[in-house]
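Below, chain A is the first sequence line, B the second, and so on; all start at residue 1.
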Amino acid sequence: MKKEGLVYLIAGVVFGGLLIFIVFIIVSKNQGSNIKTGYIVQQTLFDEFQGTIELRKKLKNMENEQKHLIDSLSLELELLSKQKDPKSKLLYSRKSQEYMQYYKQLMADNSETVRSYEADVWKQINQYVADYGHDKKYTYIFGASGSGNIMHADSTNNLTKEILVYVNQRYGGK
Amino acid sequence: MIVRIIHIVVLIGLFWMAAACKSTLDRKDYIKWVDDQAHGLNQLKQVDEFTFELKYTPLEYVIAQRYPQSCQDKKLYTQKLNEIKGLQYYELSIDSKKGDLIEAYAASQEEINQRLYYFSFGFQNDITLQEGKKEQPCVLFHFVRSYDLKNQRKFLLGFQMSDSLSMSDKTIGIDSDYLALGKINITIKSDDLKKLPELLIQ
């Protein structure tokens, strides 16, 4: 009787284990089939994002303002260079050094500003893409940047156009 | 057959009339209605660590909030309405997961003072209202200083009211280097403005 009970117990455990294993396999397979993925071409998304277009206009205006200032400084230098007296020559040498320094600093500041503004724009894009993925129940949305992170993807999974419409609507406040 | 058609036409007519009629709410319900995000006049937008809450506050809402007694006195209500009309009002709240908008982003007392000064005055210049193709600056600005432990900071905004554009989409644009997010746009839709109920004045 005791032996029989033990056999039943072992059989029960083995059967139960087998059942759990089968359920686990089925669930994992189903989960695998539910994975929804897509990709975006990052550069296209960034370039055609309304925030980037507006940012570029803003930077262009800033550049034009600086150009006016640089032009007036170089005109001042040019006038000084035509003066023959030693005092003006000395002033020219000092001013041209100052001008070069100012120009270099301005260029460095501009690159830093562009970098910082672009990072700001990416913060918005990242948020909207994440919201899109959440709304449409995507498991993953990959970003193809052309640097080798995605070497091949079926173009049917390219979400760039669809997401561009979404992020521009979100940017517009909708 | 004809009777059926008449029934359908009458039903459609009744439905249309019911939809067209504006409901009238008392002070408390009116405030609740505007505050309710489901009605679209109170919008939330999250970008990165910041959460923006923009509430369009109609003139009736402003009066109901600031002068509750005027909702029981038509004369007083009209007087208050005349005092504040000409502008459209909004409440903007900014919350950050990182902490307080002023202190959590500053490395020194000097920076705290700088940020405090900016959000008290300069921030006004970085806020605009777009109605149709018309963009206008913020003409009334007040930074509500709170001394609680919340991270949320509130700003009261006022823009010129344009009668011809009063029912068009209203987009508030916030373009501040201090938030480092680029331009943030939040829209109050014209469809939601049209659903605004009337305030009951007793």
- Task: Among A/Glu118, A/Lys58, A/Gln50, single out the residue with the greatest number of heavy-atom pairs under 4.5 Å to chain B.
- Result: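 Among A/Glu118, A/Lys58, A/Gln50, the one with the most close pairs to chain B is A/Lys58.
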- Query: Is any residue of residues 42-59 of chain B within less than 4.5 Å of chain A by heavy atoms, and which ones?
  - Reply: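 At a heavy-atom separation under 4.5 Å, chain A is reached by B/Lys45, B/Gln46, B/Val47, B/Asp48.
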Verify the neighbour count for atom [atom1] of [X]: are there more than 12 heavy atoms of other residues, nucleotides or ligands below 6.0 Å?
X: A/Lys95; atom1: NZ; result: no
X: B/Tyr117; atom1: OH; result: no
X: B/Gln69; atom1: CD; result: yes
X: B/Gln202; atom1: CD; result: yes

- Query: Donor-acceptor pair, B/Thr187 side chain versus A/Gly172 backbone, under 3.5 Å?
  - Reply: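 Yes; at least one donor-acceptor contact below 3.5 Å.
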- Return yes if some donor-acceptor pair links the side-chain N/O of B/Lys183 with the main-chain N/O of A/Gly51 below 3.5 Å, else return no.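 No.
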- Heavy-atom pair with the smallest gap, counting every atom of A/Gln124 and B/Leu181: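 For A/Gln124 and B/Leu181, the tightest heavy-atom pair comes out as NE2-O, 2.8 Å.
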- Message: Could you work out, with salt bridge (charged side-chain N to carboxylate O under 4.0 Å, His left out) as the rule, every residue matching B/Asp95, not counting sequence neighbours?
- Response: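 For B/Asp95, no residue satisfies salt bridge (charged side-chain N to carboxylate O under 4.0 Å, His left out) once neighbours in sequence are set aside.
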- Query: Which value, rounded to the nearest 0.5 Å, describes the distance between A/Lys174 atom NZ and B/Thr171 atom OG1?
  - Reply: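 Going from the NZ atom of A/Lys174 to the OG1 atom of B/Thr171 covers 6.0 Å.
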- Task: Side chain from CB out, backbone as N, CA, C, O: work out which of these in B/Ile184 comes under 4.5 Å of a heavy atom of chain A, or both, or neither.
- Result: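 Backbone plus side chain of B/Ile184, per the 4.5 Å heavy-atom cut-off to chain A.
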- Tell me, side chain or backbone of A/Tyr117 under 4.5 Å from chain B's heavy atoms, or both, or neither?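 Looking at A/Tyr117, just its side chain touches chain B.
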- Item | Region of A/Glu54 that comes under 4.5 Å of a non-hydrogen atom in chain B |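 Side chain of A/Glu54 only, per the 4.5 Å heavy-atom cut-off to chain B.
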